[in-house]
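To start, the structure under review is shown below, and the notes come after it.
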Number of protein chains: 2
Amino acid sequence: MRVELDRLQVVLADELGRRRADVVAVDPRLATLADLLVDFVAAGGKRLRPEFLWCGWRAAGGAVDSAPVLTVGVALELIQACALIHDDVIDRSERRRGRPATHRAVAKQHADAGRRGDSEHFGVSAAVLLGDLALAWADDLYTTGAAELGAVGRSLPVWQAMRTEVLSGQLLDLVATAAVTTDPASQAADAMRVNRFKTAAYTVERPLQLGAELAGAEADTVAALRIYGADVGVAFQLRDDLLGVYGDPAVTGKPAGDDLLEGKRTLLLATARAALAADPRLLGELDAGVGSADADSARLAAIIAGTGAPEVLEARIDELVISGLAALDRVDATGGPVIEAAARERLTALAHVATARRS
Amino acid sequence: MRVELDRLQVVLADELGRRRADVVAVDPRLATLADLLVDFVAAGGKRLRPEFLWCGWRAAGGAVDSAPVLTVGVALELIQACALIHDDVIDRSERRRGRPATHRAVAKQHADAGRRGDSEHFGVSAAVLLGDLALAWADDLYTTGAAELGAVGRSLPVWQAMRTEVLSGQLLDLVATAAVTTDPASQAADAMRVNRFKTAAYTVERPLQLGAELAGAEADTVAALRIYGADVGVAFQLRDDLLGVYGDPAVTGKPAGDDLLEGKRTLLLATARAALAADPRLLGELDAGVGSADADSARLAAIIAGTGAPEVLEARIDELVISGLAALDRVDATGGPVIEAAARERLTALAHVATARRS
């Protein structure tokens, strides 16, 4: 896959370079804002979504030297850029990928240049529009790639579902976080639903399915890839929840315990709260601290660890990886359409990479 | 055109109804948020963009009973919904189309239901995501409509340019408003550039061109429609600038003088400031009031009126309408491809409707 990611980077630099030029053509003063977006996407993260897209494509027999599927891969990275830039506005996050969040970086440019008006609000406003630009460009590139493959008809429903699902998952995350319920079971159910739509479908299941549909996959292959994607995708989010509390800031790019101070409603937290039902004092201390910016996050992390919730999540991650991989075994065992061998191997490796401990 | 707008409304209700169901399928608690978006688009505004799309389509000989072009028309209304919802967040506007702005409506729902967290920020967060949803749906519908017409290849560059232009125009509006310059000539140049990309290209020129390309128009027809679109589009924005200061709130749906209190950098304001170069006292009073929420907007409007700037803009609007219509005459006079007669008539009427006094 390394080779494909290198080729993706070339397509990405080329496509974003042309789009940056379109923005600068409107006015040269927009160059610094356009650069912030382009650099954010070019520096990138783990490129998980293009990887899964590529696996789906190859699994269904897509050609190893296809360029249009890489164009669609860049589209997925742009959707992710929009999601992160807007999420950081919504979560009022200071940092992302070890750098200032986009709205913070723009606010600093505004203040340093001594411009008129409120720097903070200028940062948020520009970040909203830069996220919109990323979303619009994502669609341009998806449509270009899919049209080149003659696959708009069979892939559009997947592309459509993916974007509605991730945005609905984000809305649900807001609604669930604002809910007044303190019942751990409802909180756990909400967290799993958010995990399913905001992360699993969007990060693994739909990219895999999209790649497979672009290659004209059989229904059985698509079905197996989707089960794998849903399970491994949720496992990936559960790992992310653990890292948000216990991860090494040098690796995650976010301060330790940030998720707790932000008040993120995770399965980890719901599991810990359920375990503390018999200990109102500790539960009270946890509830008072979560979502409060000046709480002692190390103390909160220790309370959660004391409940055994991290081990429950580790076990759940292991189960999900096993069930996801089993779906790939089953489709091979039917004697029907087989998942191409190298893609199969890569999917097995990715299931472990995406859900492994990083601390 | 009335008939086409009625048919547009049917397609719109059908498409948005299905997309609302997709959101509610993620979680039934999202129904109230989805309804806010759907109702906003269904209630609609003047439907100018679908009208111009339709005129471009018909001008180039597109069939009068085409459904896919109406699907693309709904896509334009969804782009506009995203633009307005995000603009209201950026401008911190209270009202839109005579109702509370989306972020305000969501904040009120949050507060009324007694949910956890800051209602204002919840409103802004949900509005960002609802705008994103509108933008994503817009692309789904454009691609669906264009693919049905077998016209993705020739129309995608227009669709692409339109979205990059409007978002770049909005970014430029932010940057120009934050500029420290007080030179009226630079301010006038900035205002005209924002008018060109944020309004004219997006509202008239590109929708017309998109319709024409979907119908497979000749290059001469497209060129004439684009000149018409650029000129009439700027005239439309200049009328909007006048209405933002002198309009009847019952017609505009916004408080009188709102643009002045918001500090909007319009050609009207730049023209008035240029005229006041010899009167530092009045210029100082105007500059102190514009952009200040508690200024006396009637007094500021009177200062601007005293400079004769409104008459300058009226003359400019008239010129632009004349030059736009002349472009249509020229293409007919070449003996080359002719603009279909009913569309031609409609374009003439629309040039007047979109730029006429409403006060």
Side-chain angles (χ1 to χ4, degrees), chain A residues 19 22-23 25-27 29-30 33-34 82 86 89-90 92 110 113-117 121-122 124-126 128-133 135-140 142-144 146-147 152-153 156 159-161 163-165 167-172 174-180 190 193 197 263 291, chain B residues 19 22-23 25-27 29-30 33-34 82 86 89-90 92 110 113-117 121-122 124-126 128-133 135-140 142-144 146-147 152-153 156 159-161 163-165 167-172 174-180 190 193 197 263 291:
Chain A
R19 280 164 178 78
D22 291 343
V23 174
V26 168
D27 194 289
R29 285 170 292 173
L30 299 179
L33 289 172
C82 170
H86 284 179
V89 166
I90 290 169
R92 301 191 245 215
H110 182 279
R115 299 206 196 289
R116 279 168 20 109
H121 190 67
F122 185 89
V124 166
S125 301
V128 168
L129 295 173
L130 289 173
D132 290 350
L133 207 48
L135 189 53
W137 289 351
D139 274 291
D140 294 343
Y142 156 72
T143 309
T144 302
V152 170
L156 183 60
W159 178 253
Q160 206 166 300
R163 282 139 58 256
T164 293
E165 282 165 0
L167 288 163
S168 300
Q170 288 177 292
L171 282 168
L172 180 60
L174 287 183
V175 168
T177 304
V180 286
D190 277 353
R193 199 174 279 229
F197 291 105
Chain B
R19 279 163 179 77
D22 292 342
V23 174
V26 168
D27 194 289
R29 284 170 292 174
L30 299 179
L33 290 171
C82 170
H86 285 179
V89 167
I90 290 170
R92 301 190 246 216
H110 182 278
R115 300 206 194 288
R116 281 168 19 110
H121 190 67
F122 185 89
V124 166
S125 301
V128 168
L129 295 173
L130 289 173
D132 290 350
L133 207 49
L135 188 53
W137 289 351
D139 274 290
D140 293 343
Y142 156 72
T143 309
T144 302
V152 170
L156 183 60
W159 177 252
Q160 205 167 301
R163 282 140 58 258
T164 292
E165 281 165 1
L167 287 163
S168 300
Q170 286 175 293
L171 282 169
L172 181 60
L174 286 184
V175 168
T177 303
V180 287
D190 277 352
R193 198 174 280 230
F197 291 104

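Residue numbering restarts at 1 for every chain, and letters A, B, ... go by the order of the sequence lines. These numbers were taken from a predicted model, which means no experiment stands behind them.
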Practice problem: Would you mind telling me which of A:Arg19, A:Gln170, A:Gln160, A:Glu165 has the largest number of heavy-atom pairs within less than 4.5 Å of chain B? | Solution: A:Gln160

Quiz item: Does any non-hydrogen side-chain atom of A:Leu129 lie less than 4.5 Å from one of B:Leu174?
Solution: yes

Quiz item: Of the listed residues (A:Asp139, A:Val152, A:Val89, A:Asp140), which shares the most heavy-atom pairs with chain B below a 4.5 Å separation?
Solution: A:Asp140

Quiz item: With no hydrogens and no angle check, is any side-chain donor or acceptor of B:Arg29 less than 3.5 Å from a backbone partner on A:Val175?
Solution: no

Self-check item: A:Ala147 portion near chain B, given a 4.5 angstrom heavy-atom threshold
Solution: side chain

Quiz prompt | Minimal non-hydrogen separation, B:Leu30 against A:Ser168, with atom names | solution = CD1-O, 3.5 Å

Practice problem: Could you have a look at A:Ala179, A:Ala113, A:Gly117 and say which one has the most heavy-atom pairs with chain B under 4.5 angstrom? | Solution: A:Ala179

Quiz prompt | Contact check, side chains of A:Phe197 and B:Asp27, non-hydrogen atoms, under 4.5 Å | solution = no

Exercise. Could you tell me whether B:Asp22 and A:Arg163 have a side-chain N and a carboxylate O separated by less than 4.0 Å?
Key: no

Self-check item: Which of B:Asp132, B:Leu135, B:Leu133, B:Thr164 touches chain A most, by non-hydrogen pairs under 4.5 Å
Solution: B:Asp132

Practice problem: Quick one: which of B:Val180, B:Val23, B:Leu172 has the most heavy-atom pairs under 4.5 Å with chain A, could you say? | Solution: B:Leu172

Quiz item: So which part of B:Ala126 gets closer than 4.5 Å to some heavy atom of chain A, the side chain, the backbone, both or neither?
Solution: both

Quiz item: Within the distance-only criterion (no hydrogens, no angle test), does the side chain of A:His121 pair as donor or acceptor with the backbone N or O of B:Ile90 below 3.5 angstrom?
Solution: yes

Practice problem: Below 4.5 Å from any heavy atom of chain A, which atoms of B:Val26 appear? Answer side chain, backbone, both or neither. | Solution: both

Quiz item: By a 4.5 Å heavy-atom criterion (distance strictly below it), what part of B:Leu33 contacts chain A: side chain, backbone, both, or neither?
Solution: side chain

Quiz item: In terms of heavy-atom proximity below 4.5 Å to chain B, should A:Leu171 be classed as side chain, backbone, both, or neither?
Solution: both

Practice problem: Quick one: closest heavy-atom pair of B:Ala178 and A:His110, and the distance? | Solution: CB-NE2, 3.8 Å

Quiz item: For A:Trp159 and B:Thr143, does a side-chain donor sit closer than 3.5 Å to a side-chain acceptor?
Solution: no

